[in-house]
Engineer: 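Structure incoming, see below.
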Amino acid sequence: MFSTGTDGGRTACETADPHTVEGLVYQLCRWCGTASFRKLLCPVCASSDLEPERSDGHGVVVRSSVVNRYSRVMRNESLVRFPEGFVYRCRIVGAAPHLVSVGDRVRPVGGATSEAGEVVLELCDPPLTAGWY
């Protein structure tokens, strides 16, 4: 498990309904034990013997950027590190794109799917927007 440096008390991620079905299915290599997401081969040993595993989908943002290519609406694309050991590019919703920062904890959005097949997550603790200007 990773530490974000703010592990004092329960957060909104931990108080969410534990009986939801959200999460991610990732692959675990049977040869070397490397976790990967949406790969055909293991990125370390190139084995095709990948076993599906289930993750709760909670992670931490390690890089965040605001993009508006291919559409008129700005959105957030972030690299998210999951506790299983893989990093994946995800779209963060539920907050203004410029308010998502490194170290924010994220979880899967219940019932939301993307048309482009991208992973959609939301912030566990939404930022305070009262005085951001």
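What you see below is based on every heavy atom in this structure, not just the backbone, and it leaves out hydrogens, waters and symmetry mates.
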Engineer: Counting C-beta onward and ignoring hydrogens, is there a side-chain heavy-atom pair between Ser78 and Cys90 closer than 4.5 Å?
Structural biologist: no

Engineer: Measure the OG-CZ distance between Ser65 and Arg75 for me, rounded to the nearest 0.5 Å.
Structural biologist: 9.5 Å

Engineer: How close do Cys42 and Thr34 get, counting heavy atoms only, and between which atoms?
Structural biologist: SG-CB, 4.0 Å

Engineer: Main chain of Pro97, side chain of Asn76: is a donor-acceptor contact present, judged purely on distance under 3.5 Å?
Structural biologist: yes

Engineer: Could you give the distance from CG (Asp104) to CG (Leu99), rounded to the nearest 0.5 Å?
Structural biologist: 9.5 Å

Engineer: Other members of the hydrophobic cluster containing Leu79, with the 4.5 Å side-chain heavy-atom rule, please.
Structural biologist: Val62, Val87

Engineer: If you measure from NE2 on His58 to CD on Glu84, what distance do you get to the nearest 0.5 Å?
Structural biologist: 11.0 Å

Engineer: Let's go through Tyr88 and Val119 carefully: what are the C-alpha distance in whole Å and the side-chain angles of both, what is the deciding distance for side-chain contact (heavy atoms from CB on, under 4.5 Å) to 0.1 Å, and is it a yes or a no?
Structural biologist: CA-CA 9 Å; Tyr88 198 72; Val119 177; 3.7 Å; yes

Engineer: Taking all non-hydrogen atoms of both residues into account, name the closest pair between Val93 and Val120 and its distance.
Structural biologist: CG2-CG1, 3.7 Å

Engineer: Tell me whether Glu77 is salt-bridged to Arg69, with the criterion being a basic N under 4.0 Å from an acidic carboxylate O.
Structural biologist: yes

Engineer: Search all heavy atoms of Ile92 against all heavy atoms of Val106 and return the closest pair with its distance.
Structural biologist: CD1-CG1, 3.8 Å

Engineer: Do Val60 and Phe82 come close enough that some side-chain heavy atom pair is under 4.5 Å?
Structural biologist: no

Engineer: Could you pull out the closest heavy-atom pair between Leu123 and Ala95, with the gap in Å?
Structural biologist: CD1-CB, 3.6 Å

Engineer: Any idea which heavy atoms bring Glu122 and Pro108 closest together, and the distance?
Structural biologist: OE2-O, 4.0 Å

Engineer: Show me, pair by pair, the donor-acceptor contacts under 3.5 angstrom made by side chains of residues 23-32, not counting sequence neighbours?
Structural biologist:
{"unit_1": "Gln27", "atom_1": "OE1", "unit_2": "Arg38", "atom_2": "N", "d": "3.2"}
{"unit_1": "Arg30", "atom_1": "NE", "unit_2": "Glu51", "atom_2": "OE1", "d": "3.4"}
{"unit_1": "Arg30", "atom_1": "NH1", "unit_2": "Asp49", "atom_2": "OD1", "d": "3.4"}
{"unit_1": "Trp31", "atom_1": "NE1", "unit_2": "Ser47", "atom_2": "OG", "d": "3.3"}

Engineer: Indicate, with yes or no, if Leu50 and Phe37 share a hydrophobic cluster defined by side-chain heavy-atom contacts under 4.5 Å among Ile, Leu, Val, Met, Phe, Trp and Tyr.
Structural biologist: no

Engineer: Taking only residues two or more places apart in sequence or in another chain, which ones pass salt bridge (charged side-chain N to carboxylate O under 4.0 Å, His left out) with Arg72?
Structural biologist: none

